[in-house]
Amino acid sequence: MDQNNFCVIMAGGVGSRFWPLSRLAKPKQFIDILGTGETLIQQTFNRFSKICPRENIYIVTNEIYRDIVNEQIPGLDFDQVICEPSRRNTAPCILYANYKILDRNPNANIVVAPSDHIVLKEEEFIKVVNLTMQASKDTDALFTIGIVPNRPETGYGYIQFDETCPHPVHPKLSKVRTFTEKPNLEMAIQLVDSGEFLWNSGIFIWKLSTIMKQFEKNLPEMNELFQEGIGKFNTPEEPAAIKNIYQQCKSISIDYGIMEKAENVFVFSADIGWSDIGTWGSLYEIRSKDENQNSVVGRNVMMYGSKNCIVNMPKEKLVVIEGLEDYIVVENDNILLICKKQDEQEIRQFVTDVEAEKGDKFV
């Protein structure tokens, strides 16, 4: 295993679109959503431990989740759990990890990934990441992994690729033409039908030196802030320095800040059984279903005249559902959500409204 291979797992999100199962105190990355015996972050860590040395895997999260990270992934060194003092989106998160790694190994080759994604074809995933990391190691370019779409999905971003400009390492590595934000259904259908677009997985691969040049070029003010911490990273002085940096740091995604501006970006067209489990609809797609296409979790759920629903209930609760079609029905603790599947993008707004009207005990 290459000692220069590093991994950064982003685990600071609250998963509000997955409410009420995902809550502020225990977001979805710390939940065993599929009933496999492992939480999503445990699955992600174990997956990347087959690509990178365990000691080279960093987890970036919010400081309120340090204890739960250490509980679910025991044996990590203190510096492997990078705690942000506040949420500033993915660009500051990645840059913070970059400076931590730079202090250890300037020759690092890094894969960055969310903590809460599902990969059903793990062997193929490992093959794809290793091939892309080899390409990253040998060329001064940025890489991402795109997913071959199997439906018009409005919950994902899209990447347009140019098959006429393949990377020499592998024919499925193509030059990126454009990034597209989450589309409406009509546009999603057009994107998928064109055959020129992949889902954006949010998985990135690059040499440390390459991505640092991009931060210097495209996010110079942010980079200058983090440079103030040089000499303090991986020391007891780091938390105070980072708190000061984050107070001044703008919130921006790595997609907006770097990837959409960079010129030398390639995407691997992959079929790895991927889902970001960002919504109840995406979970419905991969869960088993009954003869009426209902996906049900709960020992005592009785369905009558209902189809195409996703139902998630406490194990012992008796629930009788009649006459529902294409609905999400979820109960967790003291919250019950009933929502049309087609309106699931509204769940984030529901959470905002609940917090405003009922307080934070429900979020």
Side-chain angles (χ1 to χ4, degrees), residues 1-13 29 40-61 73 76 80-82 90-91 93-102 104-119 121-147 159 167 169-170 172-173 176 198-215 253-255 258-259 262 264-276:
M1 190 175 292
D2 193 331
Q3 295 300 309
N4 288 331
N5 281 0
F6 281 73
C7 176
V8 175
I9 298 173
M10 299 180 290
Q29 61 266 32
L40 294 177
I41 194 172
Q42 288 172 328
Q43 290 184 9
T44 302
F45 186 91
N46 292 336
R47 193 179 302 131
F48 282 108
S49 67
K50 299 171 185 177
I51 297 169
C52 307
R54 180 185 172 93
E55 64 273 16
N56 289 1
I57 301 176
Y58 287 78
I59 297 172
V60 187
T61 189
I73 308 176
L76 294 174
Q80 284 180 266
V81 183
I82 304 175
T90 52
C93 157
I94 290 169
L95 187 55
Y96 184 6
N98 284 351
Y99 273 99
K100 294 271 287 184
I101 295 170
L102 181 65
R104 270 191 58 192
N105 187 341
N107 298 315
N109 196 28
I110 305 171
V111 53
V112 179
S115 60
D116 51 6
H117 290 184
I118 293 294
V119 174
K121 301 178 183 179
E122 188 170 282
E123 289 187 9
E124 180 64 17
F125 173 81
I126 292 170
K127 178 182 175 182
V128 167
V129 173
N130 279 329
L131 279 168
T132 310
M133 292 194 82
Q134 185 60 47
S136 169
K137 180 181 178 180
D138 295 339
T139 56
D140 191 20
L142 304 177
F143 297 84
T144 185
I145 294 176
I147 308 301
I159 300 172
H167 192 278
V169 166
H170 198 278
K172 287 190 176 181
L173 265 174
V176 170
L198 305 168
W199 288 337
N200 186 346
S201 72
I203 300 171
F204 308 103
I205 295 168
W206 41 52
K207 282 198 303 260
L208 177 57
S209 57
T210 301
I211 188 61
M212 291 302 284
K213 289 176 185 174
Q214 289 295 328
F215 271 102
S253 71
I254 194 71
D255 300 80
I258 300 292
M259 300 301 286
N264 201 18
V265 182
F266 289 83
V267 59
F268 198 110
S269 177
D271 179 8
I272 53 177
W274 173 92
S275 173
D276 81 341

Closest heavy-atom pair and its distance - [X], [Y]:
X    : Y    : answer
M10  : G202 : CE-O, 4.3 Å
I82  : Y96  : CG2-CE2, 3.2 Å
S136 : I205 : CB-CG2, 3.7 Å
S201 : H117 : O-CE1, 3.0 Å
F45  : I9   : CA-CD1, 3.9 Å

N109 vs D2, test: side chain to side chain donor-acceptor pair (under 3.5 Å). Steps then yes/no. CA-CA 9 Å; N109 196 28; D2 193 331; over 6 Å; no
Can you find a pair of side-chain heavy atoms, one from [X] and one from [Y], that are under 4.5 Å apart?
X    : Y    : value
V128 : K172 : no
I57  : S49  : yes
W206 : V112 : yes
F204 : M259 : yes
I101 : V8   : yes
I73  : R54  : yes
R47  : Q43  : yes
F215 : I258 : yes

Does the side chain to side chain contact (heavy atoms under 4.5 Å, CB included) test come out yes or no for N98 and F6, once each step is laid out? CA-CA 10 Å; N98 284 351; F6 281 73; over 6 Å; no
Distance in Å, [X] [atom1] paired with [Y] [atom2], rounded so as to fall on 0.5 Å steps:
X    : Y    : atom1 : atom2 : value
F143 : N264 : CZ    : CG    : 7.0 Å
I118 : I272 : CD1   : CD1   : 11.5 Å
N130 : C52  : CG    : SG    : 8.5 Å
D271 : L198 : CG    : CG    : 11.0 Å
M1   : I51  : CE    : CD1   : 8.5 Å
W274 : I145 : CH2   : CD1   : 11.0 Å

Begin with the C-alpha distance, continue with both residues' side-chain angles, and end with the deciding distance and a verdict on side chain to side chain contact (heavy atoms under 4.5 Å, CB included) for T132 and H170. CA-CA 9 Å; T132 310; H170 198 278; over 6 Å; no
Are any side-chain N or O atoms of Q29 and backbone N or O atoms of A11, one a donor and one an acceptor, separated by less than 3.5 Å?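 Yes.
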Does T144 use its side chain to pair, donor to acceptor, with the backbone of I203 at less than 3.5 Å?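 A pair under 3.5 Å: yes.
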One pair to check against side chain to side chain contact (heavy atoms under 4.5 Å, CB included): K207 and N107. What are the steps and the verdict? CA-CA 7 Å; K207 282 198 303 260; N107 298 315; over 6 Å; no
Taking the six-membered ring where the residue is Trp, are the ring centres of Y58 and F48 under 6.0 Å apart?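 No, the ring centres sit 6.0 Å or more apart.
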Report the C-alpha separation of E55 and Q3 in whole Å, then their side-chain angles, then the decisive distance to 0.1 Å, and conclude whether the side chain to side chain contact (heavy atoms under 4.5 Å, CB included) test is met. CA-CA 10 Å; E55 64 273 16; Q3 295 300 309; 3.8 Å; yes
